[in-house]
Participant: 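The following block contains the structure, expressed as structure tokens.
Labels below follow one simple rule: chain letters A, B, ... track the order of the sequence lines, proteins then strands, and each chain is numbered from 1.
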Number of protein chains: 2
Amino acid sequence: MYTLLKQSIIDKISIPDAEMEAFCNLFCLKTLKKKEFFLREGDISRYEAFVKKGLFKVYHLDEKGTEHILYFAPENWWLVDIDSFHNNVPSMLYIEAIEDCEILVISQSDKEFANQTLPSIEKLFRIMTQKAYVNLQRRMIRNLSKTADHRYQDFIKRYPDLAVRLNNLQISAYLGISHEFLSKIRKKMVSKK
Amino acid sequence: MYTLLKQSIIDKISIPDAEMEAFCNLFCLKTLKKKEFFLREGDISRYEAFVKKGLFKVYHLDEKGTEHILYFAPENWWLVDIDSFHNNVPSMLYIEAIEDCEILVISQSDKEFANQTLPSIEKLFRIMTQKAYVNLQRRMIRNLSKTADHRYQDFIKRYPDLAVRLNNLQISAYLGISHEFLSKIRKKMVSKK
DNA sequence: GATAAAAATTGAACAAGTTCAATAATCCCG
DNA sequence: CGGGATTATTGAACTTGTTCAATTTTTATC
């Protein structure tokens, strides 16, 4: 049950067996079907989860009802709205399964407990947050400096395995463009080959 | 010398006096004049710094030579390219003083030493990275869902004290628009009042 | 205070991306 | 396998934002 989670932790830090066991035992398995939600806008994020199987989208819905995807979370990724989870404020985000999923869930209080009692875990979450920050920073730079065309080509090159699991509505909501415009970009690419 | 730094730490975590002293002693004071650099593209970020006085811009230069500002760092903020610092890769960023500045500098190795020997410090940096991540996430959402007009008004409302220290070239490079367009937005705002 | 440099404004032509509406293709699911 | 729903494509008109070039205003410096 915890194989993937353990591997994902070992890849980031060295951790004594006892701490690993203690930490993993705080998680419980949950399944979500496609279109079900792990978090909705207005909720306070009281759980964090590791994606064991499947794929989620983490997004914000603006006042016009347009979806803006912050990131996709496939296997090995974590689900949480750090903002809501740590500042105890209602979330601006939705976290929705876009495939049938299996996740390992830990509560806010158990995570705090782990942070306080298991020295390796504090480090694990520092490293994870750093990695998330670096990814977001790189994306910010790309969004500020590249055209939609370039961002799309970059996306399918960077995440080929993800690209095939997503439809164009989802990709366009991640790139920050309309799906019609994405369709036109794709057409141009085909004709240029 | 360390008053501001200590206050900034106390605001985030509780820390024994001995750890506080040990940590602060790892920093040394440096001054930079306006237009001097703390980091340049291609450098590997081997130092992290706390801004004691002044104001920096952290930005990327694209292939056309256009500046894209990731964030501004006034007093109480930290200077570092987390990506370069932790992954030991050449930086994509410039960190440049836009006022005469005083900073407290710590080396990568001293920071690692602190992380390993001072338990509070691991927590401090986890919390700081989380805060930075939350800020960046909120900005990402705004950039994806709001027009330039809205983003500008939001910026001057959100950072009024910063807005008066910056010129419009810098603000436009942060908002992700040309300075000419920002000028037109400002004109429209004045006429609507 | 003079003067050079940097920043801000403006307009015109243009490019990038959106919106809306209609149609076509694909995907589910009972 | 059929039919409804979702997804993808296309075109035309439109909006947002860029680029370039000229001019004005402000700032810095000696």
Participant: When you check the gap from the basic side-chain N to the acidic O, do B:Glu67 and B:Lys57 get nearer than 4.0 Å?
Facilitator: yes
Participant: Stepwise, does the side-chain hydrogen bond (donor to acceptor under 3.5 Å, both in side chains) test hold for B:Tyr71 with B:Arg139?
Facilitator: CA-CA 10 Å; B:Tyr71 59 91; B:Arg139 180 173 172 209; over 6 Å; no
Participant: If I take atom CG in residue A:Leu182 and atom P in nucleotide C:dT18, what distance separates them, rounded to the nearest angstrom?
Facilitator: 10 Å
Participant: For A:Lys187 and C:dG17, give me the distance from atom NZ to atom P, rounded to whole Å.
Facilitator: 18 Å
Participant: Where is the tightest heavy-atom contact between B:Tyr94 and B:Leu61, given as atom of each residue plus distance?
Facilitator: CE1-CB, 3.8 Å
Participant: Compile the donor-acceptor pairs under 3.5 Å between side chains in residues 37-55 of chain B and protein atoms, sequence neighbours left out, one pair per line.
Facilitator:
{"unit_1": "B:Asp43", "atom_1": "OD2", "unit_2": "B:Arg40", "atom_2": "N", "d": "3.0"}
{"unit_1": "B:Ser45", "atom_1": "OG", "unit_2": "B:Tyr47", "atom_2": "O", "d": "3.4"}
{"unit_1": "B:Glu48", "atom_1": "OE1", "unit_2": "B:Lys111", "atom_2": "NZ", "d": "2.8"}

Participant: Looking at A:Phe155, I'd like to know if its CZ atom is crowded, meaning that more than 12 non-hydrogen atoms belonging to other residues, nucleotides or ligands lie closer than 6.0 Å.
Facilitator: yes
Participant: Looking only at non-hydrogen atoms, find the nearest pair between A:Asp100 and A:Lys33 and report the distance.
Facilitator: OD1-CA, 3.4 Å
Participant: Please list each protein N or O that sits under 3.5 Å from an N or O in nucleotides 24-29 of chain C, with the distance.
Facilitator:
none

Participant: Please report, rounded to the nearest Å, how far the P atom of C:dT18 is from the CG atom of A:Leu175.
Facilitator: 10 Å
Participant: Looking at DNA chain C, which of residues 150-169 of chain B put a heavy atom within less than 4.0 Å of it?
Facilitator: B:Asn167, B:Asn168, B:Leu169
Participant: Salt bridge check, A:Asp154 against A:Lys146: does any charged N sit closer than 4.0 Å to a carboxylate O?
Facilitator: no
Participant: Using the C1' atoms of five pairs at each end, what's the angle between the two axes of the helix from C:dG1-D:dC30 to C:dG30-D:dC1, to 10 degrees?
Facilitator: 60°
Participant: A:His179 or B:Glu180: which one's nearest nucleotide on DNA chain C is closer to the 5' end?
Facilitator: B:Glu180
Participant: Restricting to non-hydrogen atoms, name the atom on B:His60 and the atom on A:Ile141 that form the minimum distance, rounded to 0.1 Å.
Facilitator: CD2-CG2, 3.4 Å
Participant: Determine whether the aromatic ring centres of residues B:Phe72 and B:Tyr174 are separated by less than 6.0 angstrom.
Facilitator: yes
Participant: Starting from B:Trp77, can I reach B:Phe23 by hopping between I/L/V/M/F/W/Y residues whose side chains sit under 4.5 Å apart?
Facilitator: no
Participant: Take atom NZ of B:Lys64 and atom P of C:dA15, then tell me their distance rounded to the nearest Å.
Facilitator: 13 Å
Participant: Walk me through it: do A:Glu75 and A:Arg165 pass the test salt bridge (charged side-chain N to carboxylate O under 4.0 Å, His left out)?
Facilitator: CA-CA 12 Å; A:Glu75 293 78 11; A:Arg165 294 164 76 178; 3.1 Å; yes
Participant: Once you round it to whole Å, what is the distance between C1' of C:dT19 and CG of A:Asp62?
Facilitator: 14 Å
Participant: Reading DNA chain D from 5' to 3', where do the contacts with chain A start and stop? Cut-off is 4.0 Å to heavy atoms.
Facilitator: D:dT7 to D:dA12
Participant: In this structure, would B:Val105 and B:Ile95 fall into the same cluster of hydrophobic residues linked by side-chain contacts under 4.5 Å?
Facilitator: yes
Participant: Tell me: CD1 of A:Ile177 to P of C:dT19, nearest whole Å?
Facilitator: 12 Å
Participant: Using atom types as modelled, flag every donor-acceptor pair under 3.5 Å from a side chain in residues 120-134 of chain B to any protein atom, sequence neighbours excluded.
Facilitator:
{"unit_1": "B:Ser120", "atom_1": "OG", "unit_2": "B:Glu19", "atom_2": "OE1", "d": "2.8"}
{"unit_1": "B:Glu122", "atom_1": "OE2", "unit_2": "A:Arg126", "atom_2": "NE", "d": "2.3"}
{"unit_1": "B:Glu122", "atom_1": "OE2", "unit_2": "A:Arg126", "atom_2": "NH2", "d": "3.0"}
{"unit_1": "B:Arg126", "atom_1": "NE", "unit_2": "A:Glu122", "atom_2": "OE2", "d": "2.3"}
{"unit_1": "B:Arg126", "atom_1": "NH2", "unit_2": "A:Glu122", "atom_2": "OE2", "d": "3.0"}
{"unit_1": "B:Thr129", "atom_1": "OG1", "unit_2": "B:Phe125", "atom_2": "O", "d": "2.7"}
{"unit_1": "B:Gln130", "atom_1": "NE2", "unit_2": "A:His86", "atom_2": "NE2", "d": "3.3"}

